[in-house]
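First comes the structure, then the notes that go with it.
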Amino acid sequence: MMNWIISIFINALLLIVIAGYFDSFHLEGVGAALFASVILSILNIFLKPILIFLTLPITVLSLGLFLFVINAITLMITSSIMGDSFQIDGFGTAILASIVLSFFHLLIQKAIIEPLQRNH
């Protein structure tokens with residue numbers, strides 16, 4: 001449970017950072033980022049495995065790069081659920097945001113969270 005909460009806050013922070021760097025990626029504020037992070041997390045738990053299963057052949061052929069497209073799809077769905085408080089102006093922006101989000105989430109996980117968990 002604690003890891004899920006930490007992940008929610010990390011994703012919210014990363015969404016805020018991404019919104020600051022991309023003009024076509026809009027968030028209303030911190031509350032919207034937290035809510036988007038919760039929705040994204042729920043979609044990643046329930047919808048993402050189904051999408052991965054349905055697109056397994058293309059995911060394997062692309063050596064896993066198609067996962068960025070799946071992540072972009074979940075970002076776009078999150079955006080459509082949230083309405084005006086979270087907007088992504090195009091699928092290309094969603095793919096770019098999914099790459100940045102995945103990279104920095106992995107970096108934070110490996111550089112900060114895992115070392116802290118080993119010390120406890």
Side-chain angles (χ1 to χ4, degrees):
M1 180 70 168
M2 186 57 118
N3 287 340
W4 183 73
I5 293 171
I6 292 170
S7 180
I8 293 294
F9 281 107
I10 290 171
N11 277 342
L13 178 67
L14 290 173
L15 288 173
I16 291 167
V17 170
I18 290 169
Y21 280 100
F22 296 107
D23 291 334
S24 54
F25 193 95
H26 309 280
L27 271 168
E28 285 291 317
V30 175
L34 284 169
F35 190 55
S37 184
V38 169
I39 292 172
L40 192 58
S41 176
I42 292 169
L43 289 174
N44 283 338
I45 291 169
F46 295 107
L47 182 62
K48 188 174 177 179
I50 295 167
L51 292 175
I52 290 172
F53 178 74
L54 292 174
T55 61
L56 194 57
I58 193 166
T59 302
V60 171
L61 287 174
S62 69
L63 303 175
L65 293 176
F66 195 74
L67 292 174
F68 291 123
V69 173
I70 292 172
N71 289 339
I73 290 169
T74 59
L75 274 173
M76 293 294 287
I77 292 170
T78 301
S79 172
S80 67
I81 289 171
M82 292 194 56
D84 291 339
S85 60
F86 178 38
Q87 295 179 352
I88 302 172
D89 300 337
F91 195 69
T93 300
I95 288 178
L96 194 55
S98 79
I99 292 168
V100 171
L101 191 64
S102 298
F103 174 75
F104 282 106
H105 202 283
L106 178 68
L107 187 67
I108 291 168
Q109 184 72 30
K110 295 293 180 185
I112 298 170
I113 296 173
E114 286 181 10
L116 287 175
Q117 288 177 342
R118 276 185 249 144
N119 292 333
H120 286 102

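These values consider heavy atoms only, across backbone and side chains, with no hydrogens, waters or symmetry-generated copies.
In terms of heavy atoms, Gly83 sits closest to Gln87 at O-CG, 3.6 Å. Among all heavy-atom pairs drawn from Ala36 and Thr78, the shortest one is O-CG2, 3.6 Å. Among all heavy-atom pairs drawn from Ser7 and His105, the shortest one is OG-NE2, 3.5 Å. The minimum heavy-atom distance linking Ser41 with Ile8 is given by the pair CB-CD1, 3.6 Å. Closest non-hydrogen pair, Ala12 versus Ser37, comes out as N-OG, 3.6 Å.
Checked against Leu43 for a side-chain contact (heavy atoms from CB on, under 4.5 Å), the options Ile77, Leu75, Asn71, Leu51 give a single hit: Ile77.
Hydrophobic clustering (ILVMFWY, side-chain heavy atoms < 4.5 Å, transitive): Phe9 and Ile16 are in one cluster. At a threshold of 4.5 Å between side-chain heavy atoms, the hydrophobic network of Ile, Leu, Val, Met, Phe, Trp and Tyr places Leu54 and Leu61 in two separate groups. Grouping the Ile, Leu, Val, Met, Phe, Trp and Tyr side chains by contacts below 4.5 angstrom, directly or via other members, places Ile70 with Ile99. The hydrophobic clustering, which links ILVMFWY residues whose side-chain heavy atoms are closer than 4.5 Å, places Ile112 and Leu13 apart. By the rule that hydrophobic residues join a cluster once side-chain heavy atoms approach within less than 4.5 Å of another member, Ile45 and Val38 end up as members of one cluster.
Distance check: Ile39 CD1 to Thr74 OG1 gives 11.5 Å after rounding to the nearest 0.5 Å. Of the inter-residue distances, the one linking Ile73 atom CD1 with Leu47 atom CG reads 8.5 Å to the nearest 0.5 angstrom. Here Leu107 contributes atom CG and Ile10 contributes atom CD1; the two are 10.5 Å apart, rounded to the nearest 0.5 Å. Between atom CG of residue Leu34 and atom CG of residue Asn11 there is a gap of 10.5 Å, rounded to the nearest 0.5 Å. To the nearest 0.5 Å, atom CD1 of residue Ile52 and atom CD1 of residue Ile58 are 13.5 Å apart. With rounding to the nearest 0.5 Å, the separation of OG in Ser98 from CD1 in Ile88 is 9.0 Å.
Ile18 is not listed as a side-chain neighbour of Phe104, based on a closest heavy-atom distance of 4.5 Å or more. Between Leu101 and Leu40 there is a side-chain heavy-atom pair separated by less than 4.5 Å.
For the pair Ser62 (side chain) and Phe66 (backbone), a donor-acceptor distance under 3.5 Å is present.
In terms of the side chain to side chain donor-acceptor pair (under 3.5 Å) criterion, residue partners of Glu114 (sequence neighbours excluded) are, by chain and number, Lys110. Shown here are the side chain to side chain donor-acceptor pair (under 3.5 Å) partners of Thr93, two or more places apart in sequence or in another chain: Ser24.
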- Query: Yes or no on side-chain contact (heavy atoms from CB on, under 4.5 Å) for Leu14 and Val100, after CA distance, side-chain angles and deciding distance?
  - Reply: CA-CA 9 Å; Leu14 290 173; Val100 171; over 6 Å; no
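Side-chain contact check for His26 and Asp84: no donor-acceptor pair (N or O, by modelled atom type) lies under 3.5 Å.
In this structure, Phe35 has its ring center at least 6.0 angstrom away from the ring center of Phe86.
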